[in-house]
S.K.: 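First, the structure itself, so that you have it in front of you.
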Amino acid sequence: MMADYASAIRKATLEATRLQRDLGIQAKVVHGSGRVDVYDTIARLGVPLMFTRLDGLLGAYYREPTPGVLVTTQRPLSQQRFTAAHELGHHHLGHTPSLDDESILRRAPFQARAGDDLQEVEAEAFGAAFLLPRWLLDWHCERQDWTDADLHDPALVYQLALRVGTSYTATVWTLHRYEVFDRATARLMASLQLKKVKQKLLRGYEPENFRDVDVWLVTERDADLRLHGGPKDLFVVRLPEHSGAGYLWQVESIDGEALAVVADAREAADGESIGGPTMRLITAEARDRRAGELRLAERRPWQPAAPLKTFAVQYSLIGAEQQGWYRDQRQRHRQTLEAA
Ligand SMILES: [Zn+2]
């Protein structure tokens with residue numbers, strides 16, 4: 001039976017790779033925001049995708065009268081995406097209809113246990129491989145200058161998970177699948193309390209609660225990236241500051257209704273000599289489901305016209321999808337309803 005699981009996982013992973021190749025997804029992702037758009041994929045396959053309240057379920061795949069996918073509105077963005085990728089797996093692998101509850105999150109992808117349903121093991125592996133394929137891991141590691149050894153740090157795995165838009169735990173098990181670390185390390189990492197990682201990043205700042213909030217560590221490596229977060233997320237922008245030469249980072253443009261600066265600090269850059277750059281840490285907290293750009297400039301207060309450096313990131317704080325058809329399908333379904 002375990003041999004069946006191993007081959008099911010292999011098949012599902014291959015099918016995820018094949019679908020990405022057939023749809024040219026890699027080129028889109030690496031020229032876009034660095035994450036796989038699973039909703040767009042479902043729409044491109046002509047499968048209706050609806051977000052709605054599902055009592056006791058995270059998602060569902062149905063085949064009658066025609067195939068379709070439902071995803072709960074009651075979960076954060078990463079879990080909605082993970083559920084959608086799982087349902088896409090059911091569709092693409094030709095599975096029978098499926099009603100999926102919490103257990104799809106509890107089950108570790110690629111880690112089947114005796115008694116697990118083969119179809120569920122396949123959908124799980126497909127979903128994880130689809131959201132975080134090896135080439136996407138490599139792309140982020142190159143951009144961020146992370147090595148496999150660096151990824152033994154749960155704080156970095158968490159930052160990777162935010163950027164690829166999947167849950168921390170699924171990311172841990174996918175990295176294990178790619179042999180970044182062994183099973184014992186994966187277990188240890190998956191059991192870690194993320195709240196501690198968030199607290200360390202925030203250096204004393206306390207949001208109302210930690211559960212629905214993600215904390216992004218934003219560095220020079222994220223320049224011009226689009227960060228997809230939630231309406232309560234926090235961004236700790238950490239940039240080297242040449243204060244010895246009189247240059248200081250200033251927030252140049254911020255949408256006050258989307259983000260508010262809640263903390264501002266400096267720390268000595270590690271291993272730097274005296275007089276070298278310090279690190280500036282500006283913490284901004286989301287206020288609303290809005291999208292925009294955060295722009296900073298490093299300049300001398302007495303020479304404001306000549307910045308030494310500028311830094312910008314785009315953000316979308318839309319978070320979880322709300323009730324309704326997936327946005328790219330709304331028009332079509334409205335027409336269908338009007339025609340009926
Ligand atoms: Zn399922």
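Order of listing sets the numbers, starting from 1, for every ligand and every atom in it. Values reported hereafter were calculated over all heavy atoms of this structure, with side chains retained and with hydrogens, waters and symmetry mates removed.
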S.K.: Who else is in the cluster with Leu308 when I, L, V, M, F, W and Y are joined by side-chain contacts under 4.5 Å?
M.R.: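 Members besides Leu308, by chain and number: Tyr247.
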S.K.: Got a donor-acceptor contact below 3.5 angstrom from the Asp117 side chain to the Gln119 backbone?
M.R.: yes
S.K.: Rounded to 10 degrees, what angle sits at the Zn ion (ligand 1) between His90 NE2 and His86 NE2?
M.R.: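 Computed angle, vertex at the Zn ion (ligand 1), rounded to 10 degrees: 100°.
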S.K.: One pair to check against salt bridge (Lys or Arg N to Asp or Glu O under 4.0 Å): Glu298 and Arg280. What are the steps and the verdict?
M.R.: CA-CA 10 Å; Glu298 190 185 19; Arg280 179 75 174 273; over 6 Å; no
S.K.: Under the side chain to side chain donor-acceptor pair (under 3.5 Å) rule, what do Arg177 and Gln111 come out as? Steps first, then yes or no, please.
M.R.: CA-CA 9 Å; Arg177 168 83 181 169; Gln111 304 296 308; over 6 Å; no
S.K.: Is there an N/O/S atom in Asp100 that lies less than 2.8 Å from the Zn ion (ligand 1)?
M.R.: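 It does; at least one qualifying atom falls short of 2.8 Å.
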S.K.: So, His95 and the Zn ion (ligand 1): N/O/S under 2.8 Å, yes or no?
M.R.: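 Of the N, O and S atoms in His95, none lies under 2.8 Å from the Zn ion (ligand 1), which means no.
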S.K.: Measure from the Zn ion (ligand 1) to every N/O/S atom of Glu120 and report the name of the nearest one.
M.R.: OE1
